[in-house]
Amino acid sequence: MNYYKVLEDILLTRLPNEKIEKFRIFYNDFLSGNFHFTNDYNPPSLKEQEPSYSTFLNILKPTALPEIKNFKSIEGKKYLVHTILHIEYSAIDLALDASLRFKNLPLKYYQDWLEVANDEIRHFLMLEELLKELGGKYGDFDVHKNLFEAMQQTPDFLSRMACVPRYLEANGLDQNPKIMQKLNSNKDEFNTKFIKALEIILKEEVDHVKKGDIWFKYECQRLNLEPESTYLELIEKVFPGSSKRKMDLNFSARKEAGFSCNELKTLSKKDDCF
């Protein structure tokens with residue numbers, strides 16, 4: 001199996017069920033060692049790409065989307081599940097692109113990021129089942145393409161590792177417990193199942209951020225860069241104001257994922273990291 005050719009086809013596949021089925025076949029071959037890398041491969045241009053979901057989802061600017069407020073009504077629950085479902089689907093493509101775009105790295109890197117893609121697929125399928133229980137489907141609500149744009153803005157390895165797993169996914173570690181807390185305050189049979197799914201996602205997302213942390217620091221060491229200052233410079237470049245705002249952080253999850261106490265104090269604007 002030509003690793004790059006097959007994986008590119010999966011990344012560019014439009015429909016979720018087709019993408020997931022193709023990935024399962026590819027991943028089984030990869031785990032069996034039935035693949036080879038080619039030296040002459042060039043990944044598709046990020047500037048010219050459209051999100052793989054652009055043919056079946058209506059994309060709006062984030063400011064045009066309604067806020068998530070109602071955790072009690074069926075429609076409110078549908079919208080919340082759909083919002084997280086879209087994040088997980090976008091994360092599948094981010095992991096696939098990370099596995100495809102960056103060449104000549106240790107095999108462990110490709111193992112790590114394909115494992116992340118496999119996790120994100122499981123998360124997507126869990127949430128899709130919950131949405132079906134409510135009578136909904138992926139595509140029922142408008143979405144934004146923030147995660148896709150972050151992928152476009154990070155074509156190089158160092159900024160991708162800093163800004164996607166170590167910034168965007170790390171932000172998810174902060175937000176997930178807050179959503180679970182709100183669901184707990186309006187607990188019913190559905191919300192109980194939803195919370196269990198979010199608990200699984202949170203645990204596995206810590207590992208994803210940790211993988212990003214390892215490979216970000218790997219590249220910093222290779223380039224002889226100081227990781228903490230480099231990280232702040234990169235996230236500020238891609239997400240202006242991100243290093244200056246006061247962030248409400250999940251300290252324990254971020255520590256587990258590799259963030260230093262000094263980073264946590266800088267991002268949270270607090271005097272300690274406990």
message = K193 vs E133, test: salt bridge (Lys or Arg N to Asp or Glu O under 4.0 Å). Steps then yes/no.
response = CA-CA 11 Å; K193 287 189 283 187; E133 282 190 33; 2.6 Å; yes
task = Test ring-ring contact (aromatic ring centres under 6.0 Å, His included) on H86 and Y53 and set out the steps.
result = CA-CA 10 Å; H86 180 61; Y53 49 79; 4.7 Å; yes
request  = Kindly indicate, with the supporting measurements, whether the criterion side chain to side chain contact (heavy atoms under 4.5 Å, CB included) is fulfilled by V238 and Y167.
outcome  = CA-CA 10 Å; V238 177; Y167 181 74; over 6 Å; no
query = Yes or no on salt bridge (Lys or Arg N to Asp or Glu O under 4.0 Å) for K5 and D9, after CA distance, side-chain angles and deciding distance?
reply = CA-CA 6 Å; K5 183 178 179 181; D9 176 65; over 6 Å; no
task = Applying side chain to side chain contact (heavy atoms under 4.5 Å, CB included), run through L94 and E120 and close with a yes or a no.
result = CA-CA 10 Å; L94 280 165; E120 304 293 11; over 6 Å; no
task = Could you give me the CA-CA distance, side-chain angles and deciding distance for T230 and L223, then say whether side chain to side chain contact (heavy atoms under 4.5 Å, CB included) is met?
result = CA-CA 11 Å; T230 300; L223 298 174; over 6 Å; no
message = Assess the residue pair L46 and D97 against the criterion (side chain to side chain contact (heavy atoms under 4.5 Å, CB included)); give the C-alpha distance rounded to whole Å, side-chain angles, the decisive distance to 0.1 Å, and a yes or no.
response = CA-CA 10 Å; L46 283 168; D97 188 82; 4.0 Å; yes
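Atom CG of L105 is separated from atom OH of Y218 by 5.5 Å, given to the nearest 0.5 angstrom. To the nearest 0.5 Å, atom CD of residue Q181 and atom CD1 of residue I195 are 10.5 Å apart. Atoms OG1 and CD1, on T13 and I20 in that order, are 11.0 Å from each other to the nearest 0.5 Å. With rounding to the nearest 0.5 Å, the separation of CD in E205 from CD1 in I200 is 12.0 Å. Taken from CG in N250 to CD in Q175, the straight-line distance is 10.0 Å, to the nearest 0.5 Å. In this structure, CD on Q152 lies 4.0 Å from CZ on F148, to the nearest 0.5 angstrom.
K255 contributes no side-chain N or O that, together with a main-chain N or O of C261, makes up a donor-acceptor pair within less than 3.5 Å. A donor-acceptor pair under 3.5 Å links the side-chain atoms of Y79 to the main chain of P66, judged by distance alone. With K265 contributing its side chain and K270 its backbone, the two residues share no donor-acceptor pair below 3.5 Å. Looking at E236, its side chain does come within 3.5 Å of a backbone N or O of S243 through a donor-acceptor pair. Looking at R101, its side chain never comes within 3.5 Å of a backbone N or O of L96 through a donor-acceptor pair. Under the 3.5 Å distance criterion, the side-chain polar atoms of S90 are left unmatched by any main-chain donor or acceptor of L147. Side-chain atoms of N176 do not come within 3.5 Å of backbone N or O of L173 as any donor-acceptor pair. Under the 3.5 Å distance criterion, the side-chain polar atoms of N28 are matched with a main-chain donor or acceptor of R24.
Classified by interplanar angle (parallel below 30°, tilted 30° to 60°, perpendicular above 60°), the ring pair Y109/W113 is parallel. Ring pair Y110/Y3 is perpendicular by interplanar angle, where above 60° counts as perpendicular and below 30° as parallel. Using a 30° and 60° split on the angle between ring planes, H82 and Y138 fall in the tilted class, from 30° to 60°. Ring geometry for F194 against F190 counts as tilted: the plane angle lies between 30° and 60°, on a 0 to 90° scale.
Of the residues T266, L267, L264, the one that meets the side chain to side chain contact (heavy atoms under 4.5 Å, CB included) test with M247 is L267. Exactly one of L127, L125, V143 qualifies for a side chain to side chain contact (heavy atoms under 4.5 Å, CB included) with L85. That residue is L127.
Looking at N184 and K187, their side chains do bring a donor and an acceptor atom within 3.5 Å of each other.
A162 approaches Y231 most closely through the heavy-atom pair O-CE1, 3.4 Å.
Looking at R166 and W215, their side chains never come closer than 4.5 Å, going by heavy atoms from C-beta outward. Side-chain contact between V6 and K22: absent, with no pair of heavy atoms (C-beta onward) separated by less than 4.5 Å. Looking at heavy atoms from C-beta onward, V209 lies in side-chain contact with F259 at the 4.5 angstrom threshold. Taking 4.5 Å as the limit, every side-chain heavy atom of H144 sits out of range of all side-chain heavy atoms of L60. When side chains are defined from C-beta on, F23 counts as touching L114, because their heavy atoms get closer than 4.5 Å. Counting heavy atoms from C-beta outward, C163 and L168 have side chains that stay 4.5 Å or more apart. For the pair K210 and D213, the minimum side-chain heavy-atom distance is below 4.5 Å. Annotation: side chain of F216 is not in contact with side chain of R160 (no heavy-atom distance under 4.5 Å).
With respect to the salt-bridge test (charged N to carboxylate O, under 4.0 angstrom), the residues E199 and K196 do not qualify. Ion pairing between K78 and D140 fails under the 4.0 Å rule for side-chain N and carboxylate O.
M1 and I25 are not part of a single hydrophobic cluster, where members link through side-chain heavy atoms under 4.5 Å apart. Both F124 and F56 belong to a common hydrophobic cluster when Ile, Leu, Val, Met, Phe, Trp and Tyr are linked at side-chain heavy-atom distances under 4.5 angstrom.
D119 pairs by the side-chain hydrogen bond (donor to acceptor under 3.5 Å, both in side chains) definition with R122, H208, not counting sequence neighbours. Residues satisfying the side-chain hydrogen bond (donor to acceptor under 3.5 Å, both in side chains) criterion with D207, sequence neighbours excluded, are K211.
More than 12 heavy atoms of other shown residues, nucleotides or ligands fall within 6.0 angstrom of atom NZ in K217. Within a 6.0 Å radius of NZ in K269, more than 12 heavy atoms belonging to other residues, nucleotides or ligands are found.
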